[in-house]
Amino acid sequence: MKESKKLVFPDPDLMRSLCGEHNVNMQLLEKNIGISVHVRGNALLLEGGDWEVELSETVLTQLYGLLKANYPVYLNDVEYAIRVLSNDKSIDLKKIFMDEVYISSKKKIITPKTSNQKKYIDSIRNYDIVFGIGPAGTGKTYLAMAMAMASLVKKDVSRLILTRPAVEAGEHLGFLPGDLYEKVNPYLRPLYDALHDMMDFENASSLLDQGIIEVAPLAFMRGRTLNDAFVIMDEAQNVTSEQMKMFLTRLGFSSKAVITGDITQTDLPEGKVSGLIEAAKILGGIKGIRFVYFSRDDVVRHPLVQEIIDAYENAGNKRRI
C-alpha cells in the first residue's frame, strides 16, 4: 500500500547536513530502501510502501538526532543506519554510533557501526578473553586494535602485543629470503597497517622500539607469561588446537586477550582441526569468556564485499547439496 509522509526538520544547517551535498544522502535512501524523497525547504516528503516510509522516517529522525548531538553524519553512516534499522527499527543509533572507542592521530573518531560491533566493544570492556568470529570487513581486528590503543593510552595496560600465525598454521618460513624478522614481516603487515592508521609513524616506531607495542608471529608466544598486557591474536582460524591452547594459557595477571578469525577461510592442511572452531565448542560454557559472532550485515568495507560474501556462501551451499 502506498503512503506519503512529511517530515519537518527546523534547523536549516542540520537539514543540509542530513540531505548531504547535492542531496546525496537522500539519493542513497531512495536507492537502498526503494522510496521517493522530495526536498522542500526544511521539509522532506517521503513516498512509497508503508514499511519503506516507516523505515525511512526512523532512519532520518535518528540521523537528525545524531546531527543535533554534534555527530558528523557521512554517506557511509547513512548506509550503516539503513542496514541496522532495517533489521530492527527499535535500535537507538546514538548508543552505537556515539560509543567513542578511540580518537586516532588523524583525529578520526573510531566508533562501532552495527549492533554486533557494539556488542563486541562492550564485551572487550567487560571480559578478559573475547573471541570475534566472522567474515572479512566486519571490523573484528580494527576495533580490537582501537580498544587496545585506548587501554594503552589510559594506562590500563603497560603494553600491547599483536600476533598472528605466519603463513600456514605450521609457520613454514624456510623458503622465504632474509632473517627471521624479514621472513615473518609480510604476514604481520596487516597488523602494522592497522597500528599506523591509529597512530602517527614516529610514535608507533618509538613504542615498537621500546617494546611497549610488540608485533610478533604466534610462535614467539610460546613459553611466555603475558602480564599487564592487551593481546590480540588475528587470523585465529589458521591456528591448530595446540597453538590455541598455548596462546590462551599465556595470559597473565591484569591482561586481556582478543582472538579474531573467519572460520570460513581456514588455510590449515586437510585433516587439521582449526583451533578457533574447536575453542568455540570447548570454551563456550566458561562465564569469563565471550564469543561475538559477526555476519555479512556487519561488513563496513566497500558495499561489494557483502555481495562477494553472499556469492561465496551460495556457491558453498550448492556444492554441499
Side-chain angles (χ1 to χ4, degrees), residues 1-104 106-122 125 137-139 142-143 146 294-303 305-306:
M1 185 176 176
K2 289 289 182 180
E3 182 183 340
S4 63
K5 180 88 176 194
K6 183 179 181 181
L7 302 178
V8 178
F9 299 102
D11 188 314
D13 292 329
L14 297 185
M15 174 67 174
R16 280 192 291 273
S17 297
L18 181 64
C19 291
E21 190 173 0
H22 305 303
N23 293 331
V24 65
N25 293 344
M26 298 305 101
Q27 293 167 23
L28 182 67
L29 205 73
E30 290 180 324
K31 176 185 174 184
N32 287 16
I33 298 180
I35 61 160
S36 296
V37 183
H38 305 282
V39 183
R40 299 284 186 271
N42 67 335
L44 297 173
L45 180 65
L46 311 179
E47 294 180 338
D50 291 350
W51 183 87
E52 288 80 5
V53 168
E54 184 182 349
L55 173 60
S56 300
E57 180 182 6
T58 304
V59 170
L60 290 166
T61 302
Q62 291 218 37
L63 289 176
Y64 188 78
L66 286 167
L67 288 165
K68 285 181 69 175
N70 296 317
Y71 180 92
V73 172
Y74 299 106
L75 188 63
N76 58 356
D77 293 310
V78 179
E79 186 178 342
Y80 301 147
I82 293 169
R83 194 187 310 167
V84 169
L85 294 171
S86 292
N87 293 326
D88 185 354
K89 288 196 285 288
S90 68
I91 288 172
D92 185 352
L93 291 182
K94 281 185 181 178
K95 291 182 178 178
I96 299 176
F97 286 16
M98 296 190 71
D99 185 355
E100 187 176 295
V101 176
Y102 181 68
I103 301 177
S104 74
K106 301 170 185 175
K107 306 299 181 186
K108 181 171 68 175
I109 300 173
I110 298 170
T111 68
K113 297 296 183 184
T114 70
S115 298
N116 278 333
Q117 287 191 352
K118 169 66 172 167
K119 186 190 301 182
Y120 185 52
I121 291 301
D122 288 340
R125 287 182 178 130
T138 50
Y142 194 79
L143 287 173
F294 297 89
S295 73
R296 50 93 64 189
D297 290 331
D298 299 298
V299 170
V300 291
R301 289 184 183 168
H302 193 288
V305 174
Q306 282 186 311

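Quick caveat, the model's predicted, so the values are computed rather than measured.
From Y142, atom OH reaches atom CD1 of I110 across 4.0 Å, with rounding to the nearest 0.5 Å. Considering OH of Y74 and OG of S17, their distance stands at 10.0 Å, rounded to 0.5 Å. Taking CD of Q117 as the reference point, atom CD1 of I96 lies at 9.0 Å (rounded to 0.5 Å). Summarising the geometry, atom CG belonging to L46 is positioned 4.5 Å from atom CG belonging to L7; distances are rounded to the nearest 0.5 Å. Taking CG of L85 as the start and CG of D92 as the end, the distance is 9.5 Å to the nearest 0.5 Å. In this structure, CG on N87 lies 8.0 Å from OG on S115, to the nearest 0.5 angstrom.
Side-chain atoms of V39 and M15, non-hydrogen and from C-beta on, do get closer than 4.5 Å to each other. Looking only at side-chain heavy atoms (C-beta outward), L55 and V59 come within less than 4.5 Å of each other. You'll find the side chain of Y71 stays beyond 4.5 Å of the side chain of I109, heavy atoms only. Two residues are said to be in side-chain contact when any heavy atoms from C-beta on lie closer than 4.5 Å; D11 and K68 fail this criterion. Here the side chains of F9 and L44 are in contact, with some heavy-atom distance below 4.5 Å. For the pair Y80/P112, no side-chain contact is recorded, criterion being any heavy-atom separation below 4.5 Å from C-beta on.
With no hydrogens or angles considered, no side-chain donor-acceptor pair links Y120 and D298 at under 3.5 Å.
Heavy atoms only, all atoms of each residue included: V84 and K113 are closest at CG2-O, 3.6 Å. Smallest separation of non-hydrogen atoms from V299 and T138: N-CG2, 3.8 Å. For R83 against D297, the heavy-atom pair with the smallest separation is CD-O, 2.8 Å. Taking all atoms of both residues into account, the shortest heavy-atom contact from L66 to V73 is CB-CG2, 4.2 Å. Closest non-hydrogen pair, K94 versus A69, comes out as CE-CB, 4.3 Å. Summarising the geometry of I35 relative to G48, their closest heavy-atom pair is CG2-CA, 4.3 Å, with the distance given to 0.1 Å.
Of the possible donor and acceptor atoms, none in the side chain of R40 sits under 3.5 Å from a partner among the backbone N and O of K6. Distance alone, capped at 3.5 Å, is enough to place a donor-acceptor pair between the T111 side chain and the F97 backbone. When atom types are taken as modelled, the side chain of N25 and the backbone of L18 share a donor-acceptor pair closer than 3.5 angstrom. A distance-only check finds a donor-acceptor pair linking the side chain of Q27 to the backbone of H22 [under 3.5 Å]. In this structure, the side chain of E3 does not engage the main chain of E54 through any donor-acceptor pair within 3.5 Å. In this structure, the side chain of N23 does not engage the main chain of M26 through any donor-acceptor pair within 3.5 Å.
Applying the salt bridge (Lys or Arg N to Asp or Glu O under 4.0 Å) rule to D122 yields the partners K118, R125; only residues at least two apart in sequence or on another chain are considered.
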